[in-house]
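Worksheet: one structure, shown below.
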Protein chains: 2
Amino acid sequence: MGIIERKEREREEMRRLIVEGARHLFVANGYEKVSIRNIAEAIEYSPATIYLYFKDKNEILYAVHSQAFGKMMEEFRPIFTIDDPFERLVEMGRRYMLFAVENPELFDIMFIVTAPMETLECREDIWSEGRIAFNMLVQVVQDCIKAGIFKVEDAEVAAMMIWSNIHGHTALFLRKRMMMFPEERRQVLMTEAFTLFCDTMKKGLN
Amino acid sequence: MGIIERKEREREEMRRLIVEGARHLFVANGYEKVSIRNIAEAIEYSPATIYLYFKDKNEILYAVHSQAFGKMMEEFRPIFTIDDPFERLVEMGRRYMLFAVENPELFDIMFIVTAPMETLECREDIWSEGRIAFNMLVQVVQDCIKAGIFKVEDAEVAAMMIWSNIHGHTALFLRKRMMMFPEERRQVLMTEAFTLFCDTMKKGLN
DNA sequence: CTTGTTTACTAAACAGTGTTCAGTATGTTT
DNA sequence: AAACATACTGAACACTGTTTAGTAAACAAG
């Protein structure tokens with residue numbers, strides 16, 4: 001009898017429904033303004049029901065975060081058709097920033113808000129989504145080393161340096177720390193600083 | 001009669017009391033776990049009283065943020081005794097990261113949490129604290145240009161690039177996005193990536 | 001078909017949040 | 001002493017995340 005299998009499917013379907021509802025509300029209203037009650041109302045269930053499928057709000061955040069990583073990976077896919085490893089690296093950075101600007105709420109949950117990381121801490125789990133994405137970057141850096149464009153010993157250290165730079169731009173921008181610059185200067189400053197970083201890498205990392 | 005002057009002083013004293021209380025609680029318990037009621041209790045006043053001195057919670061956050069900037073500037077002061085402009089720049093970055101690690105809650109309020117920036121948006125004020133600190137960095141970059149260490153047209157663009165890198169490290173670390181690395185590797189990765197960035201600048205920015 | 005048991009769900013409550021407002025008590029002025 | 005202004009607060013409002021006791025439906029066994 002496939003009853004327990006069906007129940008398992010239904011349970012999975014319900015989790016999906018909650019995560020989808022949550023994601024929609026996050027994207028529409030911003031993560032800070034979404035409550036469990038809002039999510040419950042959106043999917044037409046009682047707030048208590050949500051707690052039968054998720055331990056707490058952080059766990060929902062984590063589920064949305066994981067889904068968002070899938071979306072970002074999708075948008076990274078076309079990069080791997082680029083032959084030149086350095087151009088591939090530059091395009092990867094560009095897409096990271098683009099993803100952040102186009103999906104600020106998702107980016108927030110993925111890389112800035114601490115709440116989803118809390119679920120990892122109780123289980124002593126590793127942050128696999130982050131690990132996978134970072135490994136992708138390390139791979140591209142290693143390709144740059146093989147091609148003789150970079151001359152560094154530790155590809156992970158170089159990857160960390162690059163990630164920090166790109167992430168710094170986006171984090172400062174999204175968290176409104178470029179408010180001291182007038183609107184149009186902000187955009188110019190970001191793209192110019194990014195270009196300068198790429199040039200500096202090409203000249204400096206060999 | 002100096003009555004209104006005294007009242008003005010008392011008012012200022014009360015604001016100071018609230019900000020001090022708030023800062024203490026933020027540092028002790030983390031900004032997210034501190035409520036207006038907690039602050040009120042700590043200074044032995046009713047929650048409603050706080051609203052006679054601050055428009056809302058964001059305004060308290062902003063006041064704490066401003067005070068924290070003063071503290072950081074203090075810790076930047078010794079830098080200006082360093083003769084070599086590049087070394088001065090490196091030391092500035094090092095102290096930015098050090099301040100973040102030693103005062104995570106204050107750094108959060110200064111550079112990551114959006115709440116204090118909200119008070120700037122209603123008044124169309126510029127973020128003067130950020131502007132001043134950034135100008136300091138621009139100045140050091142300009143010194144590097146004058147000394148012939150850097151060869152870039154726009155010192156602000158270079159400063160932005162440098163700030164992004166340093167801030168990226170700290171933001172990723174504080175917001176627990178280096179959880180995919182084992183404890184000891186985290187520390188090594190951060191310092192090595194910082195060193196690599198400094199080396200890359202020296203080679204690449206000329 | 002009727003039991004008993006498990007499952008899925010929810011109303012209501014708990015303890016908290018930021019914020020507002022009517023009311024009081026004190027200080028100042030006339 | 002009366003009138004007014006200031007400083008403060010208790011209580012409320014509309015929320016928040018989360019738990020619990022209780023209900024109704026789905027299923028299993030006799």
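Proteins come first, then strands; the chains are lettered A, B, ... in the order of their sequence lines, and each starts at number 1.
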Nearest whole Å is fine: how far is dT18(D) P from Tyr53(A) OH? 18 Å

Do Phe99(B) and Phe76(B) have their ring centres less than 6.0 Å from each other? no

Can you tell me the distance, in whole Å, between the OH atom of Tyr51(B) and the C1' atom of dA7(D)? 18 Å

Taking the minimum atom-to-atom distance to the side chain of Lys7(B), which one of dA7(D), dG17(D), dA8(C) wins? dA7(D)

Go through the structure and list residues passing salt bridge (charged side-chain N to carboxylate O under 4.0 Å, His left out) with Asp154(A), not counting sequence neighbours. Arg185(B)

Pick out the pairs of N or O atoms, protein on one side and nucleotides 10-13 of chain C on the other, that lie under 3.5 Å.
| from | atom 1 | to | atom 2 | distance (Å) |
| --- | --- | --- | --- | --- |
| dT10(C) | OP2 | Ser46(A) | N | 3.0 |
| dT10(C) | OP2 | Thr49(A) | OG1 | 2.3 |
| dA13(C) | N6 | Arg37(A) | NH2 | 3.4 |

Partner set under side-chain hydrogen bond (donor to acceptor under 3.5 Å, both in side chains) for Asp56(A), not counting sequence neighbours: none

At 4.0 Å (heavy atoms only), tell me whether Phe54(B) reaches a base, stays on the sugar-phosphate, or touches nothing. nothing

Rounding to an integer number of Å, can you tell me how far Lys57(B) NZ sits from dT17(C) P? 9 Å

Please give, in whole Å, the distance from dA8(C) C1' to Glu8(A) CD? 15 Å

Qualifying side-chain hydrogen bond (donor to acceptor under 3.5 Å, both in side chains) pairs, either residue in residues 98-118 of chain A, two or more places apart: Asp108(A)-Arg175(A)

So which of residues 13-36 of chain A are in contact with DNA chain D, with a heavy-atom cut-off of under 4.0 Å? Val34(A), Ser35(A), Ile36(A)

Write down the distance between CD1 (Ile43(A)) and C1' (dA8(C)), rounded to a whole number of angstrom. 13 Å

CD of Glu12(B) versus P of dA7(D): gap in Å, rounded? 13 Å

Consecutive-pair stems (3 or more, Watson-Crick or G-U, under 3.5 Å) for DNA chain D: C:4-27 with D:4-27

Which pairs count as side-chain hydrogen bond (donor to acceptor under 3.5 Å, both in side chains) when at least one residue sits in residues 130-144 of chain B, sequence neighbours excluded? Arg88(B)-Asp143(B), Arg131(B)-Asn135(B), Arg131(B)-Glu156(B), Gln139(B)-Asp143(B)

Who pairs with Glu32(B) by salt bridge (charged side-chain N to carboxylate O under 4.0 Å, His left out), at least two apart in sequence or on another chain? none

Please give, in whole Å, the distance from dC8(D) C1' to Arg11(B) CZ? 13 Å

Across all chains, not counting sequence neighbours, the side-chain contact (heavy atoms from CB on, under 4.5 Å) partners of Val90(B) are Phe86(B), Phe194(B), Cys198(B)

How close or far is atom P of dT19(C) from atom CG of Leu61(B), stated in whole angstroms? 10 Å

For a quick test of your reading: what N or O donor-acceptor pairs under 3.5 Å do the side chains of residues 43-50 of chain A make, sequence neighbours left out?
| from | atom 1 | to | atom 2 | distance (Å) |
| --- | --- | --- | --- | --- |
| Ser46(A) | OG | Ala48(A) | N | 3.1 |
| Thr49(A) | OG1 | Ser46(A) | O | 3.4 |

Residues pairing under side-chain hydrogen bond (donor to acceptor under 3.5 Å, both in side chains) where one sits in residues 91-101 of chain A, two or more places apart or in two chains, turn out to be Glu91(A)-Arg94(A), Glu91(A)-Arg95(A), Tyr96(A)-Trp163(A), Tyr96(A)-His167(A)

Taking all non-hydrogen atoms of both residues into account, name the closest pair between Leu196(A) and Ala158(B) and its distance. CD2-CA, 3.5 Å

Which residues satisfy the side-chain contact (heavy atoms from CB on, under 4.5 Å) test with Ala68(B), sequence neighbours excluded? Leu106(B), Met110(B)

